[in-house]
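Quick one: structure below, then a few questions.
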Protein chains: 2
Amino acid sequence: MRELHHPPRECLELTQVLHALSDPIRLCIVRQLSSEGSLPCGTFCESAPKSTMSHHFKVLRLAGLIRQRNEGTSCYNSLRNSDLDARFPGLLNAILRADDGCE
Amino acid sequence: MRELHHPPRECLELTQVLHALSDPIRLCIVRQLSSEGSLPCGTFCESAPKSTMSHHFKVLRLAGLIRQRNEGTSCYNSLRNSDLDARFPGLLNAILRADDGCE
DNA sequence: TCGATTGTTCGATATATTTAGAACAATGGA
DNA sequence: TCCATTGTTCTAAATATATCGAACAATCGA
């Protein structure tokens, strides 16, 4: 698999981050990652096609919300907690605290 | 002018709020409202056509971010600060604190 | 080596969003 | 009343986004 691009902390853009989180599936992924740590792609929304999920993970990665790391045939995802908090203090926590329900 | 719909506080949805704020023009409007209080539509982005701005104000209003009130021929906009903070504690402040620059 | 597993990429389609001109509506002042 | 001001609505066009099947790539175990 190819090299995965991750934007550096100082390049994260607020509008991109907000856009990435404005999709219910992606918000759900982020919530799950925040509570369960590092998880492979396959553990999310198993009803949705893999190509759809792959797209959402890419959006999250390019917006700087998650870090992806290949390990074997799996791709592990983790939240870029500290980068986000350094760049946008309190933002992620406020979003995770919100009671919007994770469908 | 017609009656303006404002969603009640408890109906505000996180994904809608995040989407509304993920547009640079709308984020700019919200920032300006937060620092200057109540302002008529005409005071923002005077270079953009009125219809475009009208659209953005509508998106913000329907997402619950702003309250609009007609007064004379003007339409005054204000941030729904307390509603937002009640529904999504800390979210708006975190977004306003972020140093993304208001173009 | 073969096949199963996991995920990506490509291409197509459907849907949503943004932008903006033109016509319209409401208000207020001369 | 007439007109300027302010903003909305309608409509169209451009652009972006979401979804998903099919083909592909990489890894691992048998």
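All values reported here derive from a predicted model rather than from experimental measurement. Computation of the quantities below employed the complete heavy-atom set of this structure, encompassing side-chain atoms and omitting hydrogens, waters and symmetry-equivalent molecules. Order of the sequence lines fixes the chain letters, A, B, ..., with proteins taken first and strands second; residue numbering starts at 1 for each chain.
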Is Ser22(B) reaching over with its side chain to a backbone N or O of His19(B), donor-acceptor style, under 3.5 angstrom?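 Side chain of Ser22(B) to backbone of His19(B), a donor-acceptor pair under 3.5 Å: yes, one is there.
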Can you tell me the distance, in whole Å, between the CG atom of Leu18(B) and the C1' atom of dT17(C)?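 It is 17 Å, rounded to the nearest whole Å.
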If you check the Pro40(B) side chain, which of dG7(D), dT8(C), dT8(D) turns out closest?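 Between dG7(D), dT8(C), dT8(D), the one nearest the side chain of Pro40(B) would be dG7(D).
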Could you check whether His55(A) gets within reach of a base, just the sugar-phosphate, or nothing at all, counting any heavy atom under 4.0 Å?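 Base contact.
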Whole-Å distance separating the CD atom of Glu71(B) from the P atom of dA26(C):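 Rounding to the nearest Å, CD of Glu71(B) and P of dA26(C) are 18 Å apart.
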Spacing of Leu39(B) atom CG relative to dG7(D) atom C1', expressed in whole Å: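 It is 15 Å, rounded to the nearest whole Å.
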In this structure, how many angstroms lie between the C1' atom of dT9(C) and the CG atom of Leu4(A), rounded?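 After rounding, the gap between these two atoms is 13 Å.
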With a 4.0 Å cutoff (strictly under), does any side-chain N or O of Thr52(A) reach OP1 or OP2 of dT19(D)?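 It does not, given that no N or O in the side chain of Thr52(A) lies less than 4.0 Å from OP1 or OP2 of dT19(D).
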Roughly, in whole Å, what's the span from CG in Leu60(A) to P in dT17(D)?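 From Leu60(A) CG to dT17(D) P: 14 Å.
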Tell me: CG of Asn70(B) to C1' of dA25(C), nearest whole Å?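 Spelled out: CG on Asn70(B) to C1' on dA25(C) is 11 Å.
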Qualifying residues under salt bridge (charged side-chain N to carboxylate O under 4.0 Å, His left out), relative to Glu71(B), sequence neighbours excluded: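 Residues passing salt bridge (charged side-chain N to carboxylate O under 4.0 Å, His left out) with Glu71(B): Arg69(B).
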Listed nucleotide nearest any side-chain atom of Lys58(B), set dT19(D), dT9(D), dT9(C):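 Looking only at side-chain atoms, Lys58(B) lies closest to dT9(D).
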Closest contact, heavy atoms only, Ala63(B) versus Val17(B):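 So the minimum-distance heavy-atom pair works out to O-CG2, 3.6 Å.
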Atom pairs under 3.5 Å, N or O on each side, protein against nucleotides 22-24 of chain C: can you list them with distances?
none

Could you work out which one of dT18(C), dT8(D), dT19(D) sits closest to the side chain of Ile25(A)?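 Within the option list, the nearest is dT19(D).
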I need the CG-P distance between Leu62(B) and dT17(C), as an integer number of Å.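 One finds 12 Å between P of dT17(C) and CG of Leu62(B), rounded.
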May I ask you to verify if any side-chain N or O of His19(A) is less than 4.0 angstrom from the OP1 or OP2 atom of dA16(D)?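 Checking dA16(D) against His19(A), no side-chain N or O comes under 4.0 Å of OP1 or OP2.
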Under 3.5 Å: donor-acceptor pair, side chain of Arg31(B), backbone of Leu96(B):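 Yes: the side chain of Arg31(B) pairs with the backbone of Leu96(B).
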Are Leu62(A) and Leu27(A) joined in one hydrophobic group, where the rule is that I, L, V, M, F, W and Y side chains link up if heavy atoms are under 4.5 Å apart?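 Different hydrophobic clusters.
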Do Val59(B) and Leu39(B) land in one hydrophobic cluster if side-chain heavy atoms of ILVMFWY residues count as linked below 4.5 Å?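 Looking at the clustering, Leu39(B) is in a separate group from Val59(B).
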Separation of dG7(D) C1' from His56(B) NE2 (nearest whole Å):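 Nearest whole value for this atom pair: 15 Å.
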Closest listed nucleotide, where the reference is the side chain of Pro49(B) and the choices are dT18(C), dA20(C), dT8(C):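 The answer is dA20(C).
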Return yes if some donor-acceptor pair links the side-chain N/O of Asn77(A) with the main-chain N/O of Gln68(A) below 3.5 Å, else return no.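 No, because the side chain of Asn77(A) does not come within donor-acceptor range (under 3.5 Å) of the backbone of Gln68(A).
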